[in-house]
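This report concerns only the one structure given below.
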Amino acid sequence: MIEGAALGARGTLGLAWRLARRELRGGFAGLRIVIACLALGVAAIAAVGTLRAATEAGLAEDASRLLGGDLEIRSTYQPLPPEGRAWIAARGGRLSEVVQMRAMAIGPSGERSLVELKAVDGAYPLYGALVLDPPVPQGGLMPGGLMPGGLMMDRSIVERLGLKPGDEVRIGEARFPLRAVIVTEPDKVATPAIFGPRAMIPLADVERTALIQPGSMVAYEYRVALPAGADARGFAAALRTQPFADGGWRIRVADQAAPSVTRFVDQAASFLVLAGLTALLVGGIGVATGVRAWLEARARTIATLRCLGAPANLIFATYFAQVMVLAAIGIGIGLVAGYALTWAAASALAGALPVPPRLGLYPWPLALAAIYGLLTALAFSLWPLGRARDIPGAALFRTGLAAPTVRPRLSLVAANAAAALALVGLVVATADRPMFAAWFCLGALATLGMFRLGASLLMAAARAMPRLRMPSVRLGLANLHRPGAPTPIMLVALGIGLTTLAAVAMIEGNLRRQIAESLPEAAPSFYFIDIQADQAEAFDATARALPGVTEVERVPSLRARIVAVDGVPVEQMVVSPETAWALRGDRGLTYTAKMPEGTRLVAGAWWPEEYAGPPLVSFDAGLAAGWGLQLGGTITVNVLGRDIELKVASLRDVAWRSLGINFTLVASPGLLSSAPHTNIATVRNAPGQDTAVLRALTDAFPNISGIRVRDALEAVASLLGRLGTALSSTAAVTLLAGMLVLAGAVAAGQARRVRDAVVLKTVGALRSQIRAAYLVEFGVLGLASGLLAAVAGTIAAWGVVRFVMHADWVFLPGTLASVVGLCLLLTLGFGYVGTSLALRARPAPLLRNE
Amino acid sequence: MTDSTPPLIDARDLSFTVGTAGGPVNILRGVSLTIRPGESVGIVGPSGSGKTTLLMLLAGLERATGGALRVAGLDLGALDEDALARFRRDRLGIVFQAFHLIPTMTALENVAVPLEFAGRRDAFDRAAAALQSVGLGHRLDHYPGQLSGGEQQRVALARAIVGEPQLILADEPTGNLDRGNGTAVMDLLFGLQRDSGTTLLLITHDAALAARCARQIRIEDGRIASDSAVLAEAA
Ligand SMILES: Nc1ncnc2c1ncn2[C@@H]1O[C@H](COP(=O)(O)OP(=O)(O)O)[C@@H](O)[C@H]1O
Ligand SMILES: [Mg+2]
């Protein structure tokens, strides 16, 4: 009594620690699964986090080089006025001018390809180096290494056009000898070549190409190197207020580290983190079951301790300490493995990453992964630990039946709930898109609940099943609902992993399919851009006359920058994250009197054909919703340096998937028709005629560029494919975690399986019959979790495709079937191995004992 | 007992040797034994003398390392694992000291399983009848953990007799039971044997129990030390 009273809180902890150490010395075989599960999940998260930090460090490190200057002014259509140059020079800024456009490069053989043409001045590049092959000898050349009159191109197009150094390449109206192959372009990240390979010419030669005509899609970029110590943001802000400044300018500052790229990295990383979290969630289930099984094996020890007078808190502290020690080991292993995995991932993703990641030790992502691991360990072990705490000493004297299920005390339930909430809070708080993360958590919880419920239903169904005449089938089904059957844990563990895999597979499949595999019936073969107003009629006629051409559609095309909505400047607008992209950069703008065929109006009405009033616009309904823009509201756009206010007359569902000509903004004719602009056309032709059509049209109109739709889509698809690979591998980690838990469950039931098999053999069951019974059991489990995973995965993928990616949803039964099939194979595989091992056991030793 | 009926068990010079770390151990050293249909045989002997091993050999659960063994006309040494299982299923009932019921199956399922595997349509009806006959008609849906030791052994008994075997092998079936329960189980066993004319081979410690069998065999150190049938013949 006195001793007991003297044993204060510290004494309890000290004693608990000694007891814990004593037990741990005896090994922790039962908790190995806990270590493995935590390690796997933590590794995935640590790897993703480190890779992200390393990539962003890589971006930040070279921000000025990547952007091409400390500051960049980008203007569509119009060059910087001389006052601007003077203003910059007066403040010590060094200027480099780069003009970008799309053009056709035509080799001596007549072979041609779209290129992203970049005309650079002698100051280029302000930072970093342009690496060429052959290297341009120093001296006698322009600063920066460019030879006047010379052409440099990416290796891919040099090969495609079959060029040798010195070969003449026609671009627009000019011919250029090929001087060198571009090996490294220092500023490629900030100005990527999207639609085709890069070609570079000196700025002085751009005139000769005659590609710049009124309204041509030309971007003028001015990179500024500031004197050391100058404040780039301040400089940019001051620049904006100058009288010569243009509302259509986009000014980027290097320390924003190529923001669009960072955004891309952030978003990709947050998807990967969520995938890693699913792995941790599955690992958590492994933790819960592992801890429970381990404590069950210790029930007698605990009951003995109770009989010897150990208080409940001492017991709790003893086992809690052990679980935490092992959790720490698991987390430690996970951090090391995840850190190592980063390098593997970095090399695997080398092509998909914008810059080489700056490999190093980033404490924050590792700490975050560790916290995730710790919270998971807590959230999934407190409940079973709390139950063990209250095992009565009397349990020692009951044999046969399992210990009665006790509910942990309220304070522990509360602690458990707090750990789970903290986990959710951390997921949401650290997410790039908190809303999406919150949905993810909700979805994960719902999925968990669904599988648990599914397990209960499956067990109830197996119980309610009428007795079947086939003994193996009856036995297999009965095994699903026997007392202590691991049906729920197997279903949940396997199911979550497969749901992730199914969802990722469907999302990936959806993107791939929409982009590459199933071009819509109506998809055109080509886009032709930069068709001048005076070429329009001739273009139509020439195109229509070509053999194999079935359709030519042409509309005016302008580039507009949205500067204000309902009078609010875009910098001050509060919009949904999904629609923010449309406020950055240029939007396509066209005008038409008649409503284009296939338009789906959501609200408002089309203007009358003869309408001639103030400019009206028909706008994308999805963007309008994200911006809070209503019918009758206004959008102010900057076109060719001029601000124009458009009144919203109708909202449309824009079917991007049709790949026809789609414009965010469709205006009424009138005011805009008088602005200088070009036309864009789509041409459909018979398969196999692509080369001939491209040749004929670009020969006839040298300033016009043709974009082969299939090429463009394939370029995007290959980028997405690499991203998809990253996602799939993270999903695979989840499945791996699921398999680990499954293997754990199979292993935990193995002693029972061996014993049952021996008894069954003794009473005359054939090996094939026993095997069949187990295969039925595992098969039904696999089928059930596969089907449930298919449902949950489809819902998740649908949600992501529809609401996060704003793409059209395609159901992919083939993909889904392979997921279910995989599930079945996996469980049958595990079952087969388990059963074969069980059948190999010799009966006599098992029967003779006891 | 005429010599014209073929023996149910015909063992010639059976030996069973296992290799252990400390060299080979001869557990059975030349056991020859003939048992005719309908006999009841009590096997006694000190602990460790090889009784259980002999039963394992007779049930085809272990293979003899020497000698020849025919049971119910089958040469057990020539049968493969599945054939041995079929042999047990169709001809044999076994009762163990430790019951060896499947804990996750109800009493009814435990008894019905052998018939199910034999493809009998009436497996569950017969199992229920068998449980009825051992006095457990009211415990069909109980799990072994919910039954007392005596009740569990009666379930095991029901499982052993449900297929109407030619031979029942029982290895100290009352070893884990108190006297009252033990007597009840044994009364049942002998009653069944008497009624159906089944051959019974009962291993026991208990001389009184062995005395209830028509024939007693004593095993010592892996050999038959005495056999009441041989003694009677000699007499
Ligand atoms: N697989 C084995 N390996 C080693 N020794 C064994 C093996 N099986 C049985 N024995 C030994 O053989 C002897 C006979 O065992 P058993 O047949 O169980 O005797 P009984 O049933 O008469 O008590 C015992 O000493 C036992 O330890
Ligand atoms: Mg024995």
Side-chain angles (χ1 to χ4, degrees), chain A residues 398-404 459 462-463 466-487 749 751-773 777 838-850, chain B residues 16 18 52-53 55-57 59-63 80-94 96-106 109-121 123-124 143-149 152 156 159-160 162-163 165 171 175-176:
Chain A
R398 256 199 302 267
T399 46
L401 288 176
M459 291 169 83
R463 202 172 297 129
R467 254 182 221 138
L468 293 169
R469 283 256 323 291
M470 287 153 78
S472 299
V473 176
R474 188 195 75 76
L475 221 65
L477 289 177
N479 279 348
L480 290 171
H481 71 80
R482 297 198 181 288
T487 305
R752 190 203 69 168
R753 214 163 284 121
V754 169
R755 194 193 53 209
D756 289 0
V758 162
V759 173
L760 289 175
K761 272 201 246 180
T762 304
V763 300
L766 307 180
R767 279 172 302 178
S768 57
Q769 291 175 315
I770 300 173
R771 186 174 290 130
E777 175 187 349
L839 283 174
R840 206 174 295 161
R842 280 180 55 225
L846 269 151
L847 293 171
R848 100 174 24 246
N849 287 331
E850 286 170 273
Chain B
F16 187 69
V18 291
T52 299
T53 305
L55 180 137
M56 292 291 174
L57 294 183
L61 291 162
E62 291 273 34
R63 283 180 194 278
D80 70 4
E81 210 184 320
D82 282 338
L84 286 171
R86 256 182 235 117
F87 152 72
R88 284 190 294 271
R89 187 184 76 192
D90 299 336
R91 327 248 176 177
L92 218 58
I94 317 178
F96 297 94
Q97 178 177 351
F99 324 141
H100 290 307
L101 299 174
I102 294 185
T104 52
M105 288 187 189
T106 61
E109 285 183 283
N110 263 295
V111 177
V113 148
L115 294 184
E116 279 192 277
F117 281 122
R120 300 275 278 264
R121 283 164 179 253
F124 282 88
Y143 289 98
Q146 297 166 315
L147 299 172
S148 73
Q152 289 188 53
R159 182 179 65 186
V162 74
D171 189 357
N176 277 357

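Proteins come first, then strands; the chains are lettered A, B, ... in the order of their sequence lines, and each starts at number 1.
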**Message:** If I measure from the heavy atoms of chain B, does Ala478(A) come under 4.5 Å with its side chain, its backbone, both, or neither?
**Reply:**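 Side chain of Ala478(A) only, per the 4.5 Å heavy-atom cut-off to chain B.
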
**Prompt:** Quick one: what part of Pro483(A) sits under 4.5 Å from any heavy atom of chain B, side chain, backbone, both or neither?
**Reply:** both

Of the non-hydrogen atoms in [X] and [Y], which two are nearest, and what is the gap between them?
X: His100(B); Y: Leu846(A); answer: CE1-O, 3.5 Å
X: Val763(A); Y: Pro114(B); answer: O-CB, 3.6 Å
X: Ala765(A); Y: Ala85(B); answer: O-CB, 3.5 Å

Starting at [atom1] of [X], measure out to [atom2] of [Y] and round the result to the nearest 0.5 Å.
X: Arg86(B); Y: Leu766(A); atom1: CZ; atom2: CG; answer: 5.0 Å
X: Leu847(A); Y: Asp171(B); atom1: CG; atom2: CG; answer: 10.0 Å
X: Arg767(A); Y: Glu81(B); atom1: CZ; atom2: CD; answer: 4.0 Å

Do [X] and [Y] come within less than 4.5 Å of each other through their side chains, counting heavy atoms only?
X: Ile102(B); Y: Leu760(A); value: yes
X: Val113(B); Y: Val759(A); value: no
X: Met105(B); Y: Leu475(A); value: yes
X: Leu84(B); Y: Lys761(A); value: no

**Prompt:** Above 12 or not: heavy atoms from other molecules or residues under 6.0 Å from CE of Met459(A)?
**Reply:**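 Count over threshold, so yes.
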
Between [X] and chain A, with a heavy-atom cut-off of 4.5 Å, which part of the residue counts as in contact: side chain, backbone, both or neither?
X: Arg159(B); answer: side chain
X: Tyr143(B); answer: side chain
X: Leu61(B); answer: both

**Item:** Donor-acceptor pair, side chain of Glu62(B) and main chain of Ala844(A), under 3.5 angstrom
**Value:**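 The answer is no, because no donor-acceptor pair under 3.5 Å joins these two groups.
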
**Request:** Select, from Arg474(A), Arg842(A), Arg755(A), the one with the greatest count of heavy-atom pairs under 4.5 Å involving chain B.
**Result:**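 Top count of heavy-atom pairs under 4.5 Å with chain B: Arg474(A).
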
**Request:** Identify which of Gly175(B), Ala118(B), Gly119(B), Pro103(B) forms the greatest number of heavy-atom pairs closer than 4.5 Å to chain A.
**Result:**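 If we count pairs closer than 4.5 Å to chain A, Pro103(B) comes out on top.
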
**Request:** Salt-bridge test for Glu109(B) and Arg482(A): reply yes if a basic N is under 4.0 Å from a carboxylate O, no otherwise.
**Result:**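 The answer is yes: the pair qualifies as a salt bridge.
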
